[in-house]
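Just so you know, residue 1 is the first one in the sequence shown, and it goes up from there. Just so you know, ligand 1 is whichever comes first in the structure, and atom 1 is the first atom listed for that ligand.
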Amino acid sequence: MIEANHLSRTYQRGDGTPVTALRDVTFTIAAGEFVVIRGASGSGKSSLLNILGCLDTPSSGRYRLAGEDVSVLPDDERSHVRSRRIGFVFQSFNLLPRATAVENVELPALYTGAAPDRARARKLLERVGLAERAEHFATELSGGEQQRVAIARALMNDPPVLLADEPTGNLDSAAGESVMQLFTSLHEGGRTIVLVTHDEQVASFADREILIRDGVVASDTVRRERSPA
Ligand SMILES: Nc1ncnc2c1ncn2[C@@H]1O[C@H](COP(=O)(O)OP(=O)(O)O)[C@@H](O)[C@H]1O
Ligand SMILES: [Mg+2]
């Protein structure tokens with residue numbers, strides 16, 4: 001599903017000096033895997049996830065998503081691929097504060113030009129355990145609830161792949177645990193999940209761990225064999 005081939009990413013600092021955030025990163029992730037990318041702050045995790053999520057392109061190397069080389073696509077085609085294939089969950093939830101939970105969940109469908117589908121948005125809120133919060137404004141929800149709304153929003157276009165960048169980073173441990181259980185159950189439902197964290201405890205939910213250090217893959221380990229379907 002995901003094929004990263006010798007990816008590197010170099011940024012220009014304000015003063016023009018280059019910073020290499022990723023170098024020669026190669027791995028493949030099959031459909032249905034639950035993978036964590038773990039590393040210290042500044043190791044390049046977000047840089048990598050942004051490429052996998054079609055938010056950014058590599059400086060060199062190739063990225064194929066579902067067999068398609070997205071690293072060579074122009075911006076508009078890449079965002080089209082992104083809206084169909086990727087659900088993205090951020091550390092800081094990124095909900096619209098003046099919109100209700102159900103309006104937030106609906107949004108990705110509107111971006112693709114689809115008709116509003118409030119029934120589907122409600123169903124997804126039910127899926128994440130928040131049916132009774134549908135009409136609450138984002139600002140009225142706890143952090144854990146906001147993140148579950150953000151996960152429902154990421155599922156709106158029914159993408160095969162869910163990417164999450166430190167999704168529990170702003171949550172207390174109980175809320176973080178419930179968000180990780182939700183990812184686990186989505187994985188069991190067949191989604192491919194790639195989750196970035198610096199946290200060993202969070203990483204323990206995944207079946208496979210790619211450890212990244214100073215922009216390089218330091219190890220790639222199976223934590224748990226996949227249970228037979
Ligand atoms: N837009 C950017 N411009 C310049 N440097 C950046 C930019 N984004 C990230 N970096 C640098 O790239 C390295 C990796 O950053 P990042 O991918 O955010 O790591 P992580 O998510 O693991 O904390 C860091 O040294 C960071 O300062
Ligand atoms: Mg980061």
request  = Measure from the Mg ion (ligand 2) to each N, O or S atom of Gln91 and report whether any distance is below 2.8 Å.
outcome  = no
Closest protein heavy atom to atom 16 (P) of ligand 1, given as residue, atom name and distance to 0.1 Å = Ser47 OG, 3.7 Å
Sidechain-backbone polar pair: Glu33 side chain, Arg208 backbone, donor-acceptor under 3.5 Å = no
request  = Mark whether atom 10 (N) of ligand 1 lies under 4.0 angstrom from at least one protein heavy atom.
outcome  = yes
Side-chain atoms of residues 212-219: list all donor-acceptor pairs with protein atoms under 3.5 Å, sequence neighbours left out, distances to 0.1 Å.
none

ask   = For the residue pair Ser8 and Arg23, what are the closest heavy atoms and their distance?
value = CB-CA, 3.9 Å
task = For Glu68, look at atom CD and say whether over 12 heavy atoms of other residues, nucleotides or ligands are found less than 6.0 Å away.
result = yes
message = Looking at atom 6 (C) of ligand 1, tell me if a protein heavy atom falls under 4.0 Å from it.
response = yes
query = Quick one: nearest non-hydrogen protein atom to atom 20 (P) of ligand 1, plus distance?
reply = Gly42 N, 3.5 Å
query = What is the closest protein heavy atom to atom 19 (O) of ligand 1, and at what distance does it sit?
reply = Gly44 N, 3.2 Å
ask   = Any chance the side chains of Asp165 and Gln91 put a donor and an acceptor closer than 3.5 Å?
value = no
remark   = If you scan protein heavy atoms around atom 12 (O) of ligand 1, the nearest is Ala21 CB, 3.3 Å
request  = Please identify which atoms of ligand 1 are closer than 4.0 Å to at least one heavy atom of Ser41.
outcome  = 23 (O)
task = Give the residue and atom name of whichever protein heavy atom lies nearest to atom 4 (C) of ligand 1, and the separation in Å to one decimal.
result = Tyr11 CB, 3.4 Å
query = Where is the tightest heavy-atom contact between Ser71 and Thr57, given as atom of each residue plus distance?
reply = O-CG2, 4.3 Å
request  = Going by the side-chain contact (heavy atoms from CB on, under 4.5 Å) test, name the single residue among Val194, Ile210, Val25 that passes it with Leu48.
outcome  = Val25
message = Could you identify the single nearest non-hydrogen protein atom to atom 18 (O) of ligand 1 and state the distance to 0.1 Å?
response = Ser46 CB, 3.8 Å
ask   = With a cut-off of 4.0 Å, which atoms of ligand 1 are near a heavy atom of Ala40?
value = 22 (O)
Donor-acceptor pair, side chain of Gln146 and main chain of Leu141, under 3.5 angstrom = yes
remark   = Ser47 meets the side chain to side chain contact (heavy atoms under 4.5 Å, CB included) criterion, sequence neighbours left out, with Tyr11, Ala21, Leu22
message = I need the nearest protein heavy-atom contact for atom 22 (O) of ligand 1: residue, atom name and distance, please.
response = Lys45 NZ, 2.8 Å
inquiry  = Considering both backbone and side-chain atoms of Gln12, is one of its nitrogen or oxygen atoms within less than 3.5 Å of a nitrogen or oxygen in ligand 1?
reply    = no
